[in-house]
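Encoded as structure tokens, the structure appears first; notes follow it.
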Amino acid sequence: MSSEALVGEYFSKGTLSALPSGHFIDGVFVDATGGRGMETFDPGSARAFHTFAAGDGNDVDRAVAAARKAQRDWGRTKAGVRGAILFRAAQIIRAEAARLAVVESLDSGKALQEAEGDVAGAARCFEYYAGAADKIQGDTFPLGTDYIGYSIEEPVGVTAHIIPWNYPLSTAARSIAPALAAGCTVVAKPAEQTPLTALMLADILFRAGLPAGVCNVVTGTGAEAGGPLVSHPDVRHVTFTGSVPTGIRVMQSAAANVTSVVLELGGKSPVIVMADADLDAAIEGVLGAIYENAGQICSAGSRLVVERKVHAELVERIAARANGLKLGHGLRRPQVGALNSAAHLNKVAGYVEGARERGVAIAAGGQRAVDPESGTGWFFQPTILDAVQADDPVIQEEIFGPVLSVQVVEGEEEAVAIANGTDFGLVAGIYTRDFGRAHRMARDIEAGQIYINEYFAGGIEVPFGGSKLSGFGREKGLEALRSYTRTKSLAAKIS
Ligand code: NAI
Ligand code: MG
């Protein structure tokens, strides 16, 4: 079915047919052991549109047991065969892209064209790790002629994947694909706000030839399903993407079993615009950095750090563009979609209210909004908070919404100090025409990745992760495979 037909079906029926409802365990969809369900909402209309399994520790036990049972054979499957299955999964994702994108947009609130980009990215991710599967190899050690020394890279075993609601399919793909390529089995727990596309992905992988039990998905809340998963003694590695407090709790649970973790947590990433920059390019970069996915991106460029000489012009031009952005239900392909939940909208609105009360200047937006066609939904206007002090909460804390906070600096040195002036260290963007300056600043900024003259430059090839409170470990790129392999060294005396 085309995306137009699917969108038509949703707006006439208030739901879509054939959405997954159960956990995906051992190759089949199953009901929750406890028989409970919970609703998922369409943020663009603030209405529930589907019920899915509310899992608990019993469901997690079933899924981990299935993964554990499948682990030995999958880990010993020829790497090229594993890669071929991942490649077939990528082809199915592309063939079923319209449906995946419509479901992703509906469940998360994001604009359909952005969801289509996410689906293409997920396919690309499976292709990338399909190709990598048979390039995972060990080393030899120079022990002299009387010895042979070598290493093999073994799969770590059962891996847990805790997935957030802002990029449900992309985040699932970027951790599940390298885990499978490395020969690990998977139990994934999508966010309770957006459970559907992870379930669809597990089904696609099964249809692509992945053996039963290798990739399982358990749905439910963080407390009831996520907690038991990350503390399960048979789980050997946890990849977590989400908030700092939950990440700390996950790390503590994993520590009890000495399980390794990768934590992709929040950010408060600066986009630095120096006076010598190509301002047209910088404006596009800043707008995309903060208003894509309504700012619900861990790597959003949520702080504009601008040199005073161009501050007034830049803020005026960005504000004019921000005021003109069209909000709306994700399936109507707006420029800015909904926020993911009522609770999250309240959090974002609370930050802006607080700033207003402290006397911060609001250069654009600043109010809640609704889908103009239906008059409902969880929306917030694209907002700019201007010339904010460095210690203000809207500078120091992750808002995770379409709210840009502007900081004015006098030059390169202060720009670097301000960029480094939060507890986070995920991303920094730098706009300047001075090549040496760009690389000096990149050297001195503490962040997992630096974008120069194009925010969000790069793709699956580029390792991604944080420093400081933004977490540790890397996803994407070949480096991601390291989370899912463990080196076994061998040394043998031969004469
Ligand atoms: P969260 O960190 O609580 O949720 C993320 C995932 O963790 C979800 O799948 C959730 O079910 C799961 N989870 C929750 N508690 C768990 C536990 N004890 N054990 C295992 N898994 C657990 O984040 P939440 O409440 O959805 O959003 C709060 C804030 O976190 C947002 O406002 C935003 O600032 C930030 N956030 C950052 C994300 C990122 O991409 N870095 C993604 C989502 C949220
Ligand atoms: Mg939803």
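Quick note: residue numbers are just sequence positions, from 1. First listed ligand is number 1; within each ligand, the first listed atom is number 1. Side chains are part of it too, since the values below use all heavy atoms of this structure and drop only hydrogens, waters and symmetry mates. Since this is a predicted model, take the numbers as computed values, not measurements.
Here the side chains of L331 and Y10 are in contact, with some heavy-atom distance below 4.5 Å.
Of the possible polar contacts, none joining the N166 side chain to the N293 backbone as a donor-acceptor pair under 3.5 Å is found.
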Pair R368-E353, salt bridge (Lys or Arg N to Asp or Glu O under 4.0 Å): steps then yes or no
CA-CA 11 Å; R368 292 164 191 259; E353 235 13 80; over 6 Å; no
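The residue from R303, K268, R358, R356 that alone fulfils the salt bridge (Lys or Arg N to Asp or Glu O under 4.0 Å) condition with D392 is R358.
Cation-pi geometry between R332 and F11 is satisfied (NZ or CZ under 6.0 Å from the ring centre, within 45° of the ring normal). Both tests hold for K110 against Y167: distance to the six-membered ring centre under 6.0 Å, angle to the ring axis within 45°.
Shown here for V370 and G377, the closest heavy-atom pair between the two residues is CG1-O, 4.3 Å.
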Inventory of protein N or O atoms under 3.5 Å from ligand 1 N or O:
| unit_1 | atom_1 | unit_2 | atom_2 | d |
| --- | --- | --- | --- | --- |
| ligand 1 | 2 (O) | S243 | N | 2.8 |
| ligand 1 | 2 (O) | S243 | OG | 2.8 |
| ligand 1 | 2 (O) | T246 | OG1 | 3.4 |
| ligand 1 | 3 (O) | T246 | OG1 | 2.9 |
| ligand 1 | 9 (O) | I163 | O | 2.8 |
| ligand 1 | 9 (O) | K189 | NZ | 3.4 |
| ligand 1 | 11 (O) | K189 | NZ | 2.7 |
| ligand 1 | 11 (O) | E192 | OE1 | 2.7 |
| ligand 1 | 11 (O) | G222 | N | 3.2 |
| ligand 1 | 19 (N) | G227 | N | 3.4 |
| ligand 1 | 26 (O) | W165 | NE1 | 2.6 |
| ligand 1 | 32 (O) | H344 | ND1 | 3.4 |
| ligand 1 | 32 (O) | K347 | NZ | 2.6 |
| ligand 1 | 34 (O) | K347 | NZ | 3.1 |
| ligand 1 | 34 (O) | E398 | OE1 | 2.9 |
| ligand 1 | 40 (O) | N166 | ND2 | 3.4 |
| ligand 1 | 41 (N) | G242 | O | 3.3 |
| ligand 1 | 41 (N) | L265 | O | 3.1 |

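Looking at H50 and T15, their side chains never bring a donor and an acceptor atom within 3.5 Å of each other. For the residue pair S302/E398, the side-chain donor-acceptor check at 3.5 Å is not satisfied.
Note on the Mg ion (ligand 2): protein N/O/S atoms under 2.8 Å are T40 OG1, F41 O, D107 O, D107 OD1, Q193 O.
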